[in-house]
Amino acid sequence: QVQLVESGGGLVQAGGSLRLSCVFSGRTPFSLYAMGWFRQAPRQEREFVAAVSRDGSQTAYADSVKGRFTISRDNAKNTVYLQMNNLKPEDTAVHYCAADFYVASAYYTPTSSGAYDYWGQGTQVTVSS
């Protein structure tokens, strides 16, 4: 019903930048979904990274990425982005895109993985020291 395809991961040196993209496809409009990024490092739990509201006006970030990462979306292109600057080795993880179907508010930014209905396959980000 809904497919999410991430791209943009790779290997980068500490201090470098990457831009992740996630393309949404489905029968329901992309604009009815709050979107988020999560990540999971080996032997660790999946953790919240960032979220953006349906209309793009509201964002939320994990403390560990505030000031370094920026989430945004383009509803005309059915795409959500994660700009990652000043990357650190501890950012190394598989990064996942997620979609939360939420019609009650255009300003909702879910931070819990349990709130999300659909997940992408993930893209690997590796930061070398």
Could you please spell out the steps behind the side chain to side chain contact (heavy atoms under 4.5 Å, CB included) verdict for W37 and C22?
CA-CA 9 Å; W37 287 95; C22 172; 3.7 Å; yes

Least distance between heavy atoms, A41 atom then A93 atom:
N-CB, 3.8 Å

Of the non-hydrogen atoms in T109 and Q58, which two are nearest, and what is the gap between them?
CG2-O, 3.4 Å

Report yes or no: does D117 contribute a side-chain atom to a donor-acceptor pair with the main-chain N or O of Y102 at less than 3.5 Å?
no

Go through the steps for Q13 and S128 under the test side chain to side chain contact (heavy atoms under 4.5 Å, CB included), then give the verdict.
CA-CA 5 Å; Q13 288 188 331; S128 62; 3.7 Å; yes

Is it the case that R73 places NZ or CZ above or below the six-membered ring of F30, under 6.0 angstrom from the centre and within 45 degrees of the axis?
yes

With rounding to the nearest 0.5 Å, note down the distance linking CG in L11 to CG in L18.
9.0 Å

Atom CD of Q3 and atom SG of C97: how far apart are they, to the nearest 0.5 Å?
12.0 Å

Using the rule that two of Ile, Leu, Val, Met, Phe, Trp, Tyr join whenever any of their side-chain heavy atoms come within less than 4.5 Å, decide whether V23 and V125 are in one cluster.
no

Say you draw a straight line from OG of S21 to CD of Q83; how long is it, rounded to the nearest 0.5 Å?
9.5 Å

Between K88 and D91 (salt bridge meaning N to carboxylate O under 4.0 Å), is one present in this structure?
no

Closest non-hydrogen atom pair, N75 against S31
ND2-CB, 3.8 Å

side-chain contact (heavy atoms from CB on, under 4.5 Å) partner of Y33, chosen from T28, L4, V103:
T28

Output the rest of the hydrophobic cluster of Y81: all Ile, Leu, Val, Met, Phe, Trp and Tyr residues reachable through side-chain heavy-atom contacts under 4.5 Å, sorted by chain and number.
none

What heavy-atom pair brings A14 and P89 nearest, and what distance separates the two atoms?
CB-CD, 4.2 Å

Please lay out, stage by stage, how L32 and R54 fare under the test side chain to side chain contact (heavy atoms under 4.5 Å, CB included).
CA-CA 6 Å; L32 293 181; R54 286 170 41 198; 3.5 Å; yes

State the OG-CG distance between S53 and D100, to the nearest 0.5 angstrom.
11.5 Å

Backbone of G67 reached by a side-chain donor or acceptor of Y61 within 3.5 Å:
no

What residue pairs, at least two apart or across chains, pass salt bridge (charged side-chain N to carboxylate O under 4.0 Å, His left out) with a residue in residues 4-28?
none

Exercise: identify the closest heavy-atom pair between M35 and V80:
CE-CG1, 3.9 Å

Should we count CD of Q121 as having more than 12 external heavy atoms under 6.0 Å?
no

Distance (rounded to the nearest 0.5 Å) between F69 CZ and T59 OG1:
14.0 Å

Co-membership, hydrophobic cluster, residues Y118 and L82, 4.5 Å side-chain
yes

Using a 4.5 Å side-chain heavy-atom cut-off and chaining through intermediate ILVMFWY residues, the residues clustered with Y116 come out as F38, F48, V94, Y96, W119

Before giving the answer on side chain to side chain contact (heavy atoms under 4.5 Å, CB included), spell out for E47 and R39 the whole-Å C-alpha distance, their side-chain angles and the decisive distance to 0.1 Å.
CA-CA 5 Å; E47 65 174 2; R39 66 187 182 187; 2.6 Å; yes

Roughly how far, to the nearest 0.5 Å, is the OG1 atom of T70 from the CG atom of N85?
6.5 Å

Verify, without hydrogens or angle tests, whether T126 (side chain) and T92 (backbone) share a donor-acceptor contact under 3.5 angstrom.
no

